[in-house]
Amino acid sequence: MAAVFPAWVMMTVLLLEAVVVMGGFPTSLQLERRVPLPTHQLELSRLRERDRVRHGRLLQSSGSPPKDFYVQIDTGSDVLWIGCNSCNGCPQSSGLQIQLNLYDPGSSTTSSPVPCSDQRCSAGIQSSDSGCSGQSNQCSYTFQYGDGSGTSGYYVSDLLHFNTILEGSMTTNSTAPIMFGCSMLQTGDLTKSDRAVDGIFGFGQQSLSVISQLSSQGITPRVFSHCLKGNNGGGGILVLGEILEPNIVYTPLVPSQPHYNLDLRSISVGGQVLSIDPSVFSTSTSQGTIVDSGTTLAYLADEAYDAFVSAITNTVSQSVRPVLSKGNQCYLITSSVTDIFPQVSLNFAGGASMILYAQDYLVQQNSIGGAAVWCIGFQKIQGQGITILGDLVLKDKIVVYDLANQRIGWTNYDCSMSVNVTANVNSGRSEFVNAGQMSNDGSPQIQPRKMIALLLHIFMLAGLLFL
């Protein structure tokens, strides 16, 4: 998200957090990961607790000096909001060793409140993302999260500054007016300083999400993509646009859902389809399969979990020693997991399959007597029919959220390599850029053809816990 000041404001969103720039200046969004990818650095119990809090926080209802705003990227909500001056309950410091800042609309010459008569406010009312006060004629919002925390405030419009990609991997500075939330009240866990950030960057599908707003202005296609590195050093890229790769397979999004729901049909282990009733994965108000990059691990519906774990254990029991550790199915291993553990396939509607290798469903915890301890990274939410595909399975893959065509695609990929992204919104042909060789000096040699994509470079902070 970017708010605007005649000067530059840069928001850093942790992945997810990203950096958002507001004001009248150019910016690219930088993302920093607050949660390490699952490794022996953190016990599964701590990662599960982190995910539990996140899952509870999915929405229940439908001219200044430079500043950095650290915001959480959230595919489970739509609105970009940050704490504003005079906010009641907004944290003043963060245990994440980041500098928190409050947005001051009065310091931005391009900032203006959004009235109830604004069409964007009316559209937000339909999706429960906005409301209206007759007395103030000001478009407002109130979000309540499942863990009891909440935020409320009003909407403002300001300029988002970003770098657009041109032909030849060049970039140029661009701006676009964006409607976002100015938080005046925070409650519950949002007030705590230990893992505080400046706001939340919603990447949902509704009209008030930044991706939808930019698309409606013809600035970017209604699609975003990411490729997250799986090694401990982290890194990766998030693109407001489409990463192109010939091996991407797509499956349709389940229509009329608040999150990114997919139609999971079956699970195969070692080429054998597990005996799981397909109705276990069907989408309803209490079950379904959700893609959520904000979840660290991955979760299987209660009725599918035991069959999955049993199939893995039966396949490798002759080569490893199965053990239980703090309630988790683990294995003592003295050789490479890739040589022992079977390939897993998540099979979706339309014939698309997501191939998982050992590191995509196992988490290394520690060692015992010279043997490495690897545990099943998939967890279950007791008594729940929800399957959640988090970072554990999304890493080392290009993932494309094609909202225009209501589908999600993916392919396994070495995310330390450069990627190709579309460079035009309306042209009939695709332009390709090497994201690893992008210029950030904002002084291109050529004129932009038409806007294309925002590149968000992701840096992992391996020692910090995510919200």
Side-chain angles (χ1 to χ4, degrees), residues 58-59 62 73-78 126-127 202-212 214-216 220-228 238-268 273-274 276-295 298-301 303-304 344-356 360 385-395 397-413 421-422 425 430 453:
L58 292 178
L59 283 179
S62 326
I73 286 190
D74 182 15
T75 57
S77 63
D78 302 304
Q126 297 178 10
S127 60
F203 265 75
Q205 304 180 57
Q206 301 301 323
S207 62
L208 291 190
S209 69
V210 170
I211 187 68
S212 293
L214 293 177
S215 173
S216 67
T220 64
R222 196 161 176 254
V223 56
F224 67 96
S225 318
H226 59 65
C227 193
L228 308 178
L238 173 63
V239 178
L240 298 190
E242 182 178 4
I243 297 178
L244 299 177
E245 179 64 24
N247 296 321
I248 293 178
V249 294
Y250 287 90
T251 188
L253 283 166
V254 178
S256 304
Q257 297 299 311
H259 307 300
Y260 292 110
N261 285 72
L262 302 180
D263 185 1
L264 177 62
R265 297 290 179 84
S266 65
I267 300 176
S268 302
V273 177
L274 302 185
I276 302 172
D277 187 337
S279 64
V280 169
F281 302 118
S282 62
T283 301
S284 69
T285 55
S286 60
Q287 65 180 50
T289 300
I290 298 172
V291 176
D292 180 25
S293 61
T295 290
Y299 294 78
L300 275 178
E303 297 180 37
V344 171
S345 176
L346 305 180
N347 307 311
F348 295 87
S353 292
M354 180 178 289
I355 305 302
L356 307 181
D360 299 325
I386 299 295
T387 295
I388 301 175
L389 305 181
D391 282 0
L392 179 66
V393 301
L394 298 179
K395 69 183 188 305
K397 293 177 180 64
I398 292 173
V399 182
V400 178
Y401 302 73
D402 185 355
L403 306 186
N405 295 302
Q406 285 294 286
R407 61 181 186 168
I408 288 183
W410 59 81
T411 187
N412 290 322
Y413 195 79
V421 302
T422 51
V425 175
S430 297

Any side-chain heavy atom of V291 within less than 4.5 Å of one from L394?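 V291 reaches L394 side chain to side chain.
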Is there a donor-acceptor contact under 3.5 Å from the side chain of N405 to the main chain of R407?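 No, N405 side chain to R407 backbone: no donor-acceptor pair under 3.5 Å.
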Side chain S209, main chain G204, donor-acceptor under 3.5 Å: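 Checked: pair present.
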With [X], which residues qualify under side chain to side chain contact (heavy atoms under 4.5 Å, CB included), at least two apart?
X: S207; answer: A123
X: S286; answer: S284
X: S353; answer: S345, N347, I355
X: E245; answer: N247, I248, I398, T411, Y413

Just jot down the ring pair (Phe, Tyr, Trp, His ring centres under 6.0 Å) partners of F281, sequence neighbours excluded, or say none.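 Checked F281 against ring pair (Phe, Tyr, Trp, His ring centres under 6.0 Å); zero matches.
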Side chains of residues 249-256: which donor-acceptor partners sit under 3.5 Å, not counting sequence neighbours?
unit_1, atom_1, unit_2, atom_2, d
Y250, OH, E242, OE2, 3.4
T251, OG1, A349, O, 2.6

Can you sort out the partners of [X] under side chain to side chain donor-acceptor pair (under 3.5 Å), two or more places apart, ordered by chain and number?
X: Q257; answer: none
X: Y260; answer: none
X: Q287; answer: S282
X: T289; answer: none

Please walk me through it: do L300 and I267 pass side chain to side chain contact (heavy atoms under 4.5 Å, CB included)? CA-CA 11 Å; L300 275 178; I267 300 176; 3.8 Å; yes
Under the salt bridge (Lys or Arg N to Asp or Glu O under 4.0 Å) definition, can you give me all pairs with a residue in residues 249-264, not counting sequence neighbours?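 As it turns out, the salt bridge (Lys or Arg N to Asp or Glu O under 4.0 Å) pairs with a partner in residues 249-264, which skip direct neighbours, are D263-R265.
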Does L264 form a side chain to side chain contact (heavy atoms under 4.5 Å, CB included) with L389? I'd like the steps, not just the answer. CA-CA 11 Å; L264 177 62; L389 305 181; over 6 Å; no
Please report the closest heavy-atom contact between R222 and S212, naming both atoms and the distance.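 In terms of heavy atoms, the two residues are closest at NE-OG, 3.4 Å.
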